[in-house]
Amino acid sequence: MNDNIKRATGLLIIEVVNSNPNGDPDRESDPRQRPNGLGEISPVSFKRKLRDLVEDAEGTVFPAVCEKLGLNKKKDNYKILEARGRDRKTITSEMGKDIKNFDQEEFMKSLFVTKYWDGRLFGNTFLEEGGSKGYIKTGVAQFTMGLSVAPILIQRHTNTNKAGVEEGKTQGMAPLAYRVVEHGVYYMPFYVNPSHAHKSGCTQKDVDLMKALIPYAYDHTRSAIRPDVRIRHAWYMEHQNSLGSCADWKLIDALIPKRKGSDPMQPSTSWSDYIVSVNLPDDLKGKVSFSDLMETV
């Protein structure tokens with residue numbers, strides 16, 4: 001049931017300006033950073049933004065994208081499994097009659113498969129509770145860790161509040177609560193693998209919805225601590241066959257931005273500090289169809 005899903009290699013180029021793209025709860029919500037200074041954006045963080053856009057069915061983005069793709073947004077096929085406050089017992093009952101005796105054909109007809117867009121597309125770990133190894137855990141679309149090209153500098157400031165938040169206080173303070181990356185350019189590869197579609201029920205329409213949502217992932221989920229995160233490019237490369245017409249890593253390596261200057265480990269201050277490829281090298285051009293999802297906006 002892959003609905004002729006084409007294998008694809010994707011790469012997001014994300015610029016962060018005075019924002020925290022992904023806080024680390026183990027470090028008091030500091031922007032995620034490796035010991036060598038490189039910044040990180042977790043795949044969970046990015047997928048959460050796509051889920052939020054779909055879950056907000058009456059918002060701005062989801063209805064507009066559905067109209068563009070010819071999807072019926074009123075159909076109960078685009079619910080979010082990884083939603084806050086979900087009822088686990090209800091979801092378990094949606095998987096089939098007997099989840100401990102797995103039957104792939106019955107599962108594919110279940111309400112669970114037809115209902116949850118992110119379950120079909122990204123896979124999930126929820127189904128492990130069924131007690132059967134047959135249930136789908138890995139999805140068709142996989143995002144990887146976003147990593148900054150150069151080390152990042154983190155600024156930490158104290159937030160103040162004119163109104164007191166404690167009894168007897170006329171003003172409030174949150175010491176070092178404002179933690180942002182001064183500037184950084186990150187790259188985040190992602191992959192569409194049709195091999196898992198026949199187990200999850202994912203269709204090309206599910207993939208098309210993901211592609212259409214990517215350009216709006218940050219613009220329509222801004223927050224006070226994340227006001228300026230820009231997807232500069234969202235490269236999407238479809239292979240000529242389901243097995244893959246070239247190595248994924250060759251495509252990724254060809255498009256990762258390069259830090260200008262003699263010291264590539266020097267933090268950047270602007271987009272102009274990078275050399276950014278906008279075309280594939282000649283030996284790869286005929287291997288995939290090449291597009292930038294940002295140009296569809």
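This structure is a prediction, so every number in the text was calculated from the model and none was measured.
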### Message
Looking at K258, I want to see if its NZ is surrounded by more than 12 non-hydrogen atoms of other residues, nucleotides or ligands under 6.0 Å.
### Response
yes
### Query
Under a 4.5 Å cut-off applied to non-hydrogen side-chain atoms, are E58 and P63 in contact?
no
### Message
Between the side chains of D30 and R27, is the shortest nitrogen-to-carboxylate-oxygen separation below 4.0 Å, so that they form an ion pair?
### Response
no
### Under-4.0 Å salt bridge between E55 and K79
no
### Message
Show every salt bridge (charged side-chain N to carboxylate O under 4.0 Å, His left out) that has at least one partner inside residues 240-251, sequence neighbours left out.
### Response
R7-D248
### Message
Using modelled atom types and a 3.5 Å cut-off, is there a donor and acceptor pairing between side-chain atoms of S200 and backbone atoms of C202?
### Response
yes
#### Entry: Any residue meeting side-chain hydrogen bond (donor to acceptor under 3.5 Å, both in side chains) with T90, in chain and number order, not counting sequence neighbours
D87
### Query
Any side-chain heavy-atom pair from E94 and V113 closer than 4.5 angstrom?
no
### Query
Looking at side-chain heavy atoms only, is the closest gap between M210 and L50 below 4.5 Å?
yes
### Summary
Sequence neighbours excluded, the answer for side chain to side chain contact (heavy atoms under 4.5 Å, CB included) partners of N193 is S195, H196
#### Entry: Test item: V185 and I13 side chains (from C-beta on) under 4.5 Å apart, heavy atoms
yes
### Message
Suppose we screen for ring pair (Phe, Tyr, Trp, His ring centres under 6.0 Å). Which residues come up paired with H233, at least two apart in sequence or across chains?
### Response
W235
### Task
Answer whether the closest heavy-atom distance between the side chains of D292 and Y236 falls below 4.5 Å.
no
#### Entry: Side-chain heavy atoms of E28 within contact of R179, under 4.5 Å
yes
### Task
Only counting residues at least two apart or in another chain, list the ones meeting ring pair (Phe, Tyr, Trp, His ring centres under 6.0 Å) with Y186.
none
### Query
Excluding sequence neighbours, so at least two apart, what forms ring pair (Phe, Tyr, Trp, His ring centres under 6.0 Å) with Y191?
none
Side-chain donor-acceptor distances from residues 265-275 under 3.5 Å, at least two apart:
| residue | atom | partner | partner atom | Å |
| --- | --- | --- | --- | --- |
| S268 | OG | H183 | ND1 | 2.7 |
| S268 | OG | Y274 | OH | 2.8 |
| T269 | OG1 | D273 | OD2 | 3.2 |
| S270 | OG | S272 | N | 3.4 |
| S270 | OG | S272 | OG | 2.7 |
| D273 | OD2 | T269 | N | 2.8 |
| D273 | OD2 | S270 | N | 3.2 |

### Contact list for residues 214-242, test salt bridge (charged side-chain N to carboxylate O under 4.0 Å, His left out), sequence neighbours left out
K6-E238, E15-R230, E15-R232, K211-E238, D219-R222, D228-R230
### Query
Side-chain heavy atoms under 4.5 angstrom apart, residues restricted to Ile, Leu, Val, Met, Phe, Trp, Tyr: same cluster for I214 and M237?
no
### Task
Applying side-chain hydrogen bond (donor to acceptor under 3.5 Å, both in side chains), run through K49 and S45 and close with a yes or a no.
CA-CA 7 Å; K49 291 163 183 56; S45 169; 3.2 Å; yes
### Query
Among all residues two or more places apart in sequence or in another chain, which pass the side-chain hydrogen bond (donor to acceptor under 3.5 Å, both in side chains) test with N18?
none
### Query
Who passes side chain to side chain contact (heavy atoms under 4.5 Å, CB included) against N241, sequence neighbours left out?
L243, S245
#### Entry: Stacked cation flag R120 on Y78, 6.0 angstrom / 45 deg
yes
### Task
Taking the side chain as every heavy atom from C-beta outward, state whether V180 and I154 have any atom pair closer than 4.5 Å.
no
### Query
With T114, which residues qualify under side chain to side chain contact (heavy atoms under 4.5 Å, CB included), at least two apart?
N77, L111
### Task
Assess K285 against F290: is NZ or CZ under 6.0 Å from the centre of the six-membered ring, and within 45 degrees of the ring's axis?
no
### Query
Can you list every ring pair (Phe, Tyr, Trp, His ring centres under 6.0 Å) pair that touches residues 8-50, not counting sequence neighbours?
F46-F143, F46-Y218
### Query
Counting heavy atoms not belonging to K287, are there more than 12 under 6.0 Å from its NZ?
no
### Task
Check the pair R48, E82 against salt bridge (Lys or Arg N to Asp or Glu O under 4.0 Å), reporting the backbone distance first and the verdict last.
CA-CA 9 Å; R48 179 75 265 163; E82 297 293 333; 5.7 Å; no
### Query
Can you find a pair of side-chain heavy atoms, one from E182 and one from I152, that are under 4.5 Å apart?
no
